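From a predicted model like this one, the values you see are computed outputs, not experimental measurements. When a ligand or atom number is given, it counts from 1 through the structure's own listing order.
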Amino acid sequence: MSELVHFPKFSELSGDLKSCIPLHQREYLVNGELKTWNGAVQEVYSPVYFKSSEDSYDNRIGSYPIMGEKESLEVLDAAVQAFDNGKGEWPKMSVSGRIDCMRNFAAELKKRRSEIVNLMMWEIGKNRKDSEGEVDRTVDYILDSIEALKELDRNSSRFTIAQGVIAQVRRAPLGVALCMGPFNYPLNETFATLIPALIMGCTVVFKPPKLGVLLHHPTLEAFRKSFPKGVVNTVYGRGRDVTTPIMRSGLIDVLAFIGTSPVADTLKKEHPKPHRLRCLLGLEAKNPAIILPDADLSVAVNECVEGALSYNGQRCTALKIIFVHESITAEFLELFNRKISSLKCGMPWDDGVNITPLPEPHKTEYLDSLVKDAISKGAKVINEGGGRFDKSFFYPAVLYPVNQTMKAYHEEQFGPVIPVLSFKNISEPLEYIENSNYGQQASIFGNDSDLLSSLLDTLVNQVCRVNLNSKCQRGPDVLPFTGRKDSAEGTLSVSDALRGFSIRTLVAVKETDLNKQIISDILKDRKSTFLNTDFIL
Ligand code: G3H
């Protein structure tokens with residue numbers, strides 16, 4: 001049998017890829033200090049196996065601290081002290097002061113781009129183009145958050161006078177945030193909550209995802225240099241040892257978590273005063289594509305392949321099930337399979353590579369079990385070579401015809417298995433969406449504006465973004481990103497996230513001469529950071 005994918009010899013790799021591993025991280029950031037960890041560590045294994053000798057492979061690329069309850073509470077304490085019930089330097093700092101710190105951080109992050117990209121490729125197998133895109137998108141997100149905060153601040157720089165009351169309304173930080181991102185966007189989706197939390201004046205404990213820890217190492221010194229002590233703190237280790245005690249303390253005001261709903265539910269339940277806890281959650285999804293009879297097939301095929309297989313289907317927004325009208329199913333599948341066969345398989349750093357090894361342990365076995373389950377219930381793998389796997393690499397499998405009895409119909413595969421169904425009546429995919437536990441997005445492909453408008457009017461009440469003739473996706477980041485049912489809580493976007501970590505607070509006075517004089521004095525001499533009419537340029 002031909003080699004499915006070429007796992008390289010270590011000696012074949014370029015210098016910068018070789019020199020960035022092994023990385024044995026022993027530092028964690030607490031109270032403005034990079035402390036050295038002397039306890040137990042977690043070995044890090046790459047999805048990329050490399051030949052260490054003729055017939056043996058290795059994939060160990062480093063290690064990081066496994067902290068315990070004591071250290072995680074020490075980290076939490078640093079964040080609590082830095083917020084100091086709103087009296088801390090950071091929550092009391094002027095908006096322009098916080099913006100300056102954030103700008104410095106963005107510049108520091110940019111300097112570390114190639115280091116982060118190399119570690120991202122090693123740790124989670126994301127291809128070079130997408131890894132670079134993730135860092136650049138994160139820097140842009142920081143700069144856009146700065147602009148959005150300026151806008152928010154400008155809109156709040158006026159006073160309101162109503163019924164004899166003068167008031168200034170602004171947004172104030174909620175307190176201490178715990179931020180946790182997922183492995184598939186370890187940098188971007190951790191920062192998608194961490195950055196707005198910080199810029200609004202919260203202090204933060206952040207825990208990198210289980211896979212994708214080392215790539216955060218270069219950011220630790222950048223955080224240390226850019227923010228006052230205790231504003232950003234990190235924890236590493238098993239959830240039950242680190243995040244459980246942090247949540248149980250009751251000292252977390254905002255939980256920002258992107259991952260699975262069972263983990264989110266467990267974390268929320270640990271908080272002793274749930275009504276005090278605000279949550280921003282990005283959870284599972286199983287977004288469908290619906291291909292109508294009059295769809296432009298080349299557009300539908302290209303978008304569906306990209307939607308189902310970019311980063312090997314490991315995106316919450318990936319197209320995870322495809323419904324094709326029966327009149328065009330044969331043609332669609334032929335073109336779809338042809339397109340998949342043109343995708344390049346290889347290592348994350350190979351030029352133009354699309355399909356790469358998967359980082360989650362035992363993922364290929366899980367995907368294989370989905371394929372076997374579907375086959376046992378009447379489906380076939382209809383693309384050449386579909387479902388072959390070797391170590392961490394899994395060649396995309398197109399399953400057809402899929403039905404409700406199969407796991408692939410219900411489970412979020414989060415990988416390169418693509419269930420396809422043929423439908424006669426539009427009620428079939430709609431029924432799937434109505435019965436699904438998820439409600440993030442959907443894609444519809446077609447040309448008939450009458451049918452499309454009636455469909456989208458139905459779907460907007462089931463999901464939170466309907467994509468016409470294009471794949472599902474989160475970006476551009478200025479658009480709201482959320483979901484119904486088990487898919488999300490709260491909304492992320494550059495401007496929505498700023499609101500998620502803050503609360504409207506106002507200063508109000510009765511319109512008397514004395515009060516007017518006090519307000520004038522405060523404004524004239526710029527005595528308050530909250531009460532002011534500054535217009536940030
Ligand atoms: O994993 C879920 C991500 O939020 C998807 O983001 O659509 O930009 O790939 P994306």
Side-chain angles (χ1 to χ4, degrees), residues 120 123-142 144-145 179-196 208-212 215 256-261 263-264 280-289 302-321 348 354-356 358-360 363 411-416 438-443 463-494 496-497 500:
M120 193 178 295
E123 258 186 303
I124 62 157
K126 187 173 274 193
N127 70 29
R128 183 184 292 281
K129 183 168 156 275
D130 290 348
S131 297
E132 288 173 349
E134 181 163 345
V135 180
D136 297 342
R137 181 179 183 175
T138 307
V139 172
D140 288 345
Y141 187 86
I142 298 174
D144 288 347
S145 298
C179 297
M180 299 165 72
F183 86 80
N184 64 330
Y185 278 98
L187 184 82
N188 181 268
E189 288 203 335
T190 307
F191 282 33
T193 61
L194 199 156
I195 296 301
K210 208 156 126 197
L211 308 167
L215 62 92
F257 173 78
I258 302 181
T260 65
S261 53
V263 176
L280 270 176
L281 310 175
L283 306 170
E284 304 98 301
K286 189 149 171 111
N287 295 338
N302 287 337
E303 291 288 322
C304 285
V305 169
E306 217 188 298
L309 290 176
S310 60
Y311 187 38
N312 314 306
Q314 300 168 118
R315 295 161 56 236
C316 64
T317 49
L319 290 174
K320 300 197 177 97
I321 189 159
N354 304 103
I355 308 295
T356 54
L358 311 173
E360 290 178 282
K363 187 65 185 248
E411 292 182 19
E412 186 190 19
Q413 65 273 40
F414 219 77
Y438 311 116
Q440 190 196 64
Q441 299 190 15
S443 292
V463 298
C464 287
R465 174 165 164 165
V466 180
N467 302 278
L468 293 185
N469 292 319
S470 69
K471 66 181 168 49
C472 297
Q473 63 182 46
R474 180 171 42 130
D477 290 331
V478 291
L479 296 179
F481 177 56
T482 183
R484 298 165 186 267
K485 301 180 190 167
D486 293 347
S487 285
E489 191 175 323
T491 302
L492 286 175
S493 78
V494 170
D496 284 303

N/O pairs closer than 3.5 Å, ligand 1 and protein:
unit_1   : atom_1 : unit_2 : atom_2 : d
ligand 1 : 1 (O)  : N184   : ND2    : 2.6
ligand 1 : 1 (O)  : C316   : N      : 2.6
ligand 1 : 4 (O)  : E189   : OE2    : 2.3
ligand 1 : 4 (O)  : R474   : NE     : 3.0
ligand 1 : 6 (O)  : R474   : NE     : 3.0
ligand 1 : 7 (O)  : R315   : NH2    : 3.1
ligand 1 : 7 (O)  : T317   : OG1    : 2.7
ligand 1 : 7 (O)  : R474   : N      : 2.7
ligand 1 : 8 (O)  : R137   : NH1    : 2.8
ligand 1 : 8 (O)  : R137   : NH2    : 3.1
ligand 1 : 8 (O)  : Y185   : OH     : 3.4
ligand 1 : 9 (O)  : Y185   : OH     : 2.3
ligand 1 : 9 (O)  : R315   : NE     : 2.7
ligand 1 : 9 (O)  : R315   : NH2    : 3.4

Checklist line | Listed once per pair and sorted, the salt bridge (charged side-chain N to carboxylate O under 4.0 Å, His left out) pairs that draw on residues 481-490, sequence neighbours left out | finding: K268-E489
Checklist line | Minimum heavy-atom distance N184-C316, with the two atoms named | finding: ND2-N, 3.8 Å
Check: Residues two or more places apart in sequence or in another chain: which of them pass salt bridge (Lys or Arg N to Asp or Glu O under 4.0 Å) with K363?
Finding: E360
Item checked: Residue pair K320 / E284, side-chain heavy-atom distance below 4.5 Å -> no
Check: When you measure from the centre of the six-membered ring of Y185, is the NZ or CZ of K126 under 6.0 Å away and within 45° of the axis?
Finding: yes
Notebook entry, point to check: Can you name the salt bridge (Lys or Arg N to Asp or Glu O under 4.0 Å) partners of E303, sequence neighbours left out?
Noted result: none
